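By convention here, the first residue in the shown sequence is residue 1. Note that this is a predicted model, so its numbers are computed, not measured.
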Amino acid sequence: FCNTVAAESYEDEMGEKADAGALEEEREHYNPLVELPADVTRIFAGADVNNDWISFQVLGFGELDVYAIHYEDIGGRYDNPKVWRELEKLMRMSWRHPLGIDLHVTKLFVDSRFRGTGKDGDSFTGVKAWCRKHAPLVRAVQGSPVKGAPALAKTLRNAKTGGLVT
């Protein structure tokens, strides 16, 4: 509710707040446009589908650390093919590693829980179809409203109706 309806940032009432100054001191200085940190061995991306834009974020994973590599908002409605063509370009980007090789996105995870307000009335079907078209590089995912839910879980379907079990 906080994030999607009231447009307020979520704050966990039970947790501690991070000290901004301490976080600033801990950050590493790197420029992924020039060269990735040497620790990065895998690159994953995520796309958050919204009514009027798609947010695209790339993370580089090392042995113990995660690095922000790229972030970009693709402006335009989710039902505009041009927006999806732009996402296709972004998912094919590469970044130079200190070993002299270019690393590419290993997997792109696309939020398929979004329900748009377009004339087709069913953005879920369109997102899933786009993901299938780009498999195995792209995978449709859905977040869970359950706090502490596993990051990856098997999709369960009702044997009689074929519908998702929640």
Side-chain angles (χ1 to χ4, degrees), residues 2-4 7-12 14-76 78 80-114 123-124 126-155:
C2 292
N3 188 277
T4 58
E8 299 171 355
S9 60
Y10 174 80
E11 291 186 25
D12 188 352
M14 303 302 285
E16 296 178 28
K17 286 191 173 191
D19 175 22
L23 288 174
E24 178 97 19
E25 289 176 22
E26 289 289 320
R27 75 178 178 168
E28 294 187 39
H29 298 278
Y30 60 95
N31 183 352
L33 295 176
V34 176
E35 191 173 74
L36 292 171
D39 189 36
V40 173
T41 58
R42 298 167 313 285
I43 296 178
F44 296 97
D48 183 23
V49 181
N50 297 279
N51 204 48
D52 294 318
W53 76 94
I54 296 176
S55 295
F56 176 75
Q57 182 171 15
V58 179
L59 299 174
F61 288 79
E63 187 174 334
L64 298 174
D65 293 316
V66 178
Y67 302 87
I69 303 298
H70 184 83
Y71 179 89
E72 189 167 335
D73 284 331
I74 306 166
Y78 74 90
N80 182 342
K82 190 169 120 178
V83 172
W84 293 96
R85 284 193 299 273
E86 184 61 28
L87 182 58
E88 288 172 6
K89 288 180 194 172
L90 291 175
M91 73 182 195
R92 290 187 172 85
M93 292 173 67
S94 64
W95 294 267
R96 184 60 110 183
H97 191 274
L99 293 176
I101 59 172
D102 289 335
L103 294 181
H104 304 268
V105 171
T106 303
K107 185 74 74 176
L108 168 60
F109 298 96
V110 180
D111 169 28
S112 65
R113 188 175 291 276
F114 168 74
S123 60
F124 176 75
V127 171
K128 296 281 267 190
W130 188 88
C131 292
R132 280 192 300 274
K133 174 183 167 189
H134 293 85
L137 175 63
V138 178
R139 176 148 187 202
V141 295
Q142 294 184 358
S144 173
V146 177
K147 188 173 183 173
L152 296 174
K154 185 175 182 174
T155 302

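- N50 CG to D111 CG: the interatomic distance, rounded to the nearest 0.5 Å, is 8.0 Å.
- No side-chain heavy atom of F44 sits under 4.5 Å from any side-chain heavy atom of L59.
- A distance-only check finds a donor-acceptor pair linking the side chain of H97 to the backbone of A38 [under 3.5 Å].
- Here the closest heavy-atom approach between residue G75 and residue W53 is recorded as CA-CB, 4.3 Å.
- Residues E63 and D39 form a side-chain contact, since some pair of their non-hydrogen atoms from C-beta on lies under 4.5 Å apart.
- Scanning for salt bridge (Lys or Arg N to Asp or Glu O under 4.0 Å) contacts around D102 gives R96, with sequence neighbours left out.
- A heavy-atom distance below 4.5 Å is found between the side chains of E72 and L90.
- Checking side-chain atoms of D48 against main-chain N and O of G46 turns up no donor-acceptor pair under 3.5 Å.
- A donor-acceptor distance shorter than 3.5 angstrom exists from the side chain of W84 to the backbone of Y78, with no hydrogens or angles considered.
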Fill in: Worked check of side-chain contact (heavy atoms from CB on, under 4.5 Å) between V105 and W95
CA-CA 9 Å; V105 171; W95 294 267; 4.1 Å; yes

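- Pairing each heavy atom of I43 with each of L36, the nearest pair is CD1-CD1, 4.0 Å.
- Within the 4.5 Å cutoff, no side-chain heavy atoms of V110 are placed close to those of H134.
- To the nearest 0.5 angstrom, M91 atom CE is 11.0 Å from K107 atom NZ.
- Looking at S112, its side chain does come within 3.5 Å of a backbone N or O of V141 through a donor-acceptor pair.
- Taking all atoms of both residues into account, the shortest heavy-atom contact from E35 to P98 is OE2-CA, 3.4 Å.
- Pairs engaging residues 80-89 under the salt bridge (Lys or Arg N to Asp or Glu O under 4.0 Å) rule: E86-K89, E88-K133 [sequence neighbours left out].
- Shortest non-hydrogen contact noted between A47 and L108 is N-CD1, 3.9 Å.
- Annotation for A45 and F56: closest pair CB-CE1, 3.7 Å, computed over non-hydrogen atoms.
- With sequence neighbours excluded, no residue forms a salt bridge (Lys or Arg N to Asp or Glu O under 4.0 Å) with R132.
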